[in-house]
Peer 1: 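What follows is a structure written as structure tokens; I'll ask about it next.
Please read these numbers as outputs of a predicted model, since none were measured by experiment.
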2 protein chains.
Amino acid sequence: MSPRTARSTSTGKPDIRTVASLARVSIATVSRTINGSSAVSDKLSKRVWQAIEQLNYFPNTHARSLVSGRSRILGIIVENITNPFFPELIASFEEIAVTHGFELLVSSGNIQSAAQIETIVRRMLERKVEGVAVLTFGSEESVLDQLVNHGIPLVLAEFEVNNPRVSTILIDYATGVREAVEHLVQLGHRKIAYLAGPHTLHSAETRLHCFESATAVSGLRIRREWIVDADHTLKGGEAGMERLLRLKERPTAVICSNDMTAIGVLHAAHQARLSVPEELSVIGLDDIAFTEFTLPPLTTIGLSRHDLARAAFDALRVQVEAMAEPGGPPVQRRFEVTTKLVVRESTAAPRA
Amino acid sequence: MSPRTARSTSTGKPDIRTVASLARVSIATVSRTINGSSAVSDKLSKRVWQAIEQLNYFPNTHARSLVSGRSRILGIIVENITNPFFPELIASFEEIAVTHGFELLVSSGNIQSAAQIETIVRRMLERKVEGVAVLTFGSEESVLDQLVNHGIPLVLAEFEVNNPRVSTILIDYATGVREAVEHLVQLGHRKIAYLAGPHTLHSAETRLHCFESATAVSGLRIRREWIVDADHTLKGGEAGMERLLRLKERPTAVICSNDMTAIGVLHAAHQARLSVPEELSVIGLDDIAFTEFTLPPLTTIGLSRHDLARAAFDALRVQVEAMAEPGGPPVQRRFEVTTKLVVRESTAAPRA
DNA sequence: GTCGCGCATGGCATGGTTTCCACGGCCGTC
DNA sequence: GACGGCCGTGGAAACCATGCCATGCGCGAC
């Protein structure tokens, strides 16, 4: 027995060399067998696989990444992990990524400051992510330039950038929001309020914009004070609703920028002894699992986490593959996901 | 200019050699400067840092891991990402880990089958995690043996294993559960039901066990049929409550194995036109953010995600550091986290 | 003045894999 | 029957940072 074999036997961590010597081939052949990068005769291939199995060998990811320059890691940045929409989105994205051999680097924490983003970007750079999905984002996107400058493909939600490395996922909020407004109008509502998300969030701004267009199309006059800032949190929704309650001319329905806000609204309404949907109709957005279990169950604009995850991954994958062969055709850079109203029990005709 | 410098200038990705040549020192000195592994004169150190800054250099993680054998990655396996408790737990854990220079590999998906666990363990092995926190687990822990066999430190919640590489986090559910039972007894309840979690989960079993002890201590007679299986989900809680409602002798209060279950119970009670807390008292466990916003706000047994994350990380860190110097003292292997009743509005005296 | 010691520094092997290049055998062609 | 080309295979460089070992310098002690 060669000293090599002896070593590997002692440490227990099988090497590509261990495999090679057991299969009586060169390490190059083992590599080729594993990666299928070029033809290996059936005879040797069989011996190699047998040796791999016998030793329970798997390649060292670090060595592999070091030489290939590919980490097989994707980054994902989301708005706020506290909102159940995002864990589910991440889980979906991860499932897809893993089946394609990618690992995920998740920014779990809530991003509030530019410094936090900087840290995350730094971490991603250090771990050499091959691409990043930014499924939310505010005004600090200048930090993303760092990623772009390092040549890392990006996919952004709701925000287009003139850069061949950057794709965009367009979410068709317009359809869902229009359905929501029409639903309310049909029930007889004319006075509809809107609890907006943070202005730093592109997606929140788009949602607001869709609300404004949809109400305009329906010929509604929306008073200034019916559009209230919330911050996509439970407490924000509660505070926003409390402000609406203090108004002289109260709206009869509220559409919220997300479900968290809507749940906060439900709570505030209950505190104020205002019954939903009899005295106030409420509509959320996202369709998180909890909306089926609120009192009353929430009518909401559904956005499929899975579709979004799928689109984000596909966009990223196309970009990442394109990195491998720079001479390829230009990649698709726009993807779209739709929304759809889900009617439950938080909406009804207004009183009198 | 040396050819080395020329190369680095062209690719744009600065090397440790690039830094070395710019600072006019050896690569060894650069390495020492960065890692502080041994003394470097102020003069050279300054030159090196300057070069690093100028080139915007940071070390290649893969090369580093390859040579050091340390990936600086920790794995974390949780029960179910759909339950908001876990995202918050992960976020907490991550924050702590990142400040200590570790990255996280998260099992985001819900684990249902042994095959899924196998996949996760495999991924962790491939990415060479230095330790894994298993913050939930069922009967399939045999798969964890693989991790243990590879010499990877583990920290388990609620489950002790006789292995020096494995630490345990004990969660003192007893205190919180006792407080909950006493609270109900004090309000006048004698008939208390329990919606249990999956029997495959150690933590769920412990919770159930604590309920049984606490009621025994309080001298309550708990009927068999008041202990109902749920599965820690919203729907499970709903279904469990529906079963309780069909009973001839109904309980006046329900304690749930987690908050998700309790929210399901609230929903089922509402459907059955049973008002909470007047006709039924409900208590959850975990104290997730939503419990403040349910109708009525949920009385629950609080378990600090942050304390748990902290304990898990500390346990893991101790183990991981111990790996570096095998001759060190034996590591601490038991940590403890407490629970505490948070009284809100879902509990009251029973009718008549 | 010489010797020895310690400390700052550099050279070089090392880690595990991929990939380029070179080699040898086989088959087909003229 | 000799030669060219192709395919399967092996050898070795390269990827980048770490850490051991050797070197050279300065300083204190005798």
Peer 1: Below 4.0 angstrom, which residues in residues 28-48 of chain B have at least one non-hydrogen atom near DNA chain C?
Peer 2: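 Contacting residues: B:Ala28, B:Thr29, B:Arg32, B:Ala39, B:Val40, B:Ser41, B:Leu44.
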Peer 1: Round to the nearest Å and state the distance from A:Arg24 atom CZ to D:dT9 atom C1'.
Peer 2: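 Answer to the nearest Å: 15 Å.
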Peer 1: Sub-3.5 Å donor-acceptor pair from the side chain of B:Asn35 to the main-chain atoms of B:Ser37, do we have one?
Peer 2: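 Looks like no, no N/O pair under 3.5 Å.
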Peer 1: Let me know the distance between CZ of A:Arg17 and C1' of C:dG15, rounded to the nearest Å.
Peer 2: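 Those two atoms, CZ and C1', are 8 Å apart.
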Peer 1: What distance do A:Arg127 atom CZ and B:Ser71 atom OG have between them, rounded to the nearest 0.5 Å?
Peer 2: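 Here the rounded value is 7.0 Å.
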Peer 1: Just how far, in rounded Å, is P of D:dA17 from NE2 of A:His62?
Peer 2: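 Atom-to-atom, A:His62 to D:dA17, this comes out as 15 Å.
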Peer 1: Among C:dT18, D:dC16, C:dG11, which nucleotide sits nearest the side chain of A:Ile16?
Peer 2: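 Selected nucleotide: C:dT18.
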Peer 1: Quick check against the 3.5 Å criterion: does B:Asp15 have a side-chain atom that pairs as donor or acceptor with the backbone of B:Thr18?
Peer 2: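 Looks like no, no N/O pair under 3.5 Å.
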Peer 1: Do A:Glu130 and A:Gln319 meet the criterion of a side-chain donor-acceptor pair at a distance under 3.5 Å?
Peer 2: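 A:Gln319 and A:Glu130 do not have a side-chain donor-acceptor pair below 3.5 Å.
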Peer 1: With a 4.0 Å cutoff (strictly under), does any side-chain N or O of A:Tyr57 reach OP1 or OP2 of C:dT17?
Peer 2: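 Yes, A:Tyr57 has a side-chain N/O under 4.0 Å of OP1/OP2 on C:dT17.
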Peer 1: Would you kindly give the CG-to-C1' distance between A:Asn60 and C:dG16, to the nearest whole Å?
Peer 2: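 These atoms are roughly 6 Å apart.
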Peer 1: In whole Å, I'd like the distance from the CZ atom of B:Arg70 to the P atom of C:dG15.
Peer 2: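 Spelled out: CZ on B:Arg70 to P on C:dG15 is 18 Å.
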Peer 1: CZ of B:Phe335 to CZ of B:Phe313: how many Å apart, nearest 0.5 Å?
Peer 2: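 Here the rounded value is 11.0 Å.
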Peer 1: Fit a plane to each ring of A:Phe159 and A:His202, take the angle between them on a 0 to 90° scale, and name the class: parallel (under 30°), tilted (30 to 60°) or perpendicular (over 60°).
Peer 2: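 Judged by the thresholds at 30° and 60°, the geometry between A:Phe159 and A:His202 is parallel.
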Peer 1: Testing A:Arg123, A:Lys128, A:Arg122 for salt bridge (charged side-chain N to carboxylate O under 4.0 Å, His left out) with A:Glu126, which one passes?
Peer 2: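 Between A:Glu126 and the candidates, salt bridge (charged side-chain N to carboxylate O under 4.0 Å, His left out) is satisfied uniquely by A:Arg122.
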Peer 1: Can you give me the bend angle of the helix from C:dG1-D:dC30 to C:dC30-D:dG1? Use the axis through the first five pairs and the one through the last five, nearest 10 degrees.
Peer 2: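 Axis-to-axis angle, ends of the helix: 50°.
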Peer 1: Rounded to the nearest Å, what distance is computed from the CD atom of residue B:Glu126 to the P atom of nucleotide C:dT17?
Peer 2: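 The distance from CD of B:Glu126 to P of C:dT17 comes to 12 Å, rounded to the nearest Å.
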Peer 1: About how many Å separate CD of B:Glu160 and CZ of B:Arg334, when rounded to the nearest 0.5 Å?
Peer 2: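 With rounding to 0.5 Å, CZ (B:Arg334) is 4.0 Å from CD (B:Glu160).
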Peer 1: D:dA17 P sits how many Å from B:Phe58 CZ, rounded?
Peer 2: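 Nearest whole value for this atom pair: 10 Å.
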Peer 1: From CD1 of A:Ile27 over to P of C:dT19, roughly how many Å is that when rounded to an integer?
Peer 2: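 Value for this atom pair: 13 Å.
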Peer 1: Tell me whether B:Thr33 contacts the main-chain N or O of B:Thr29 through its side chain, where contact means a donor paired with an acceptor under 3.5 Å.
Peer 2: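 Yes.
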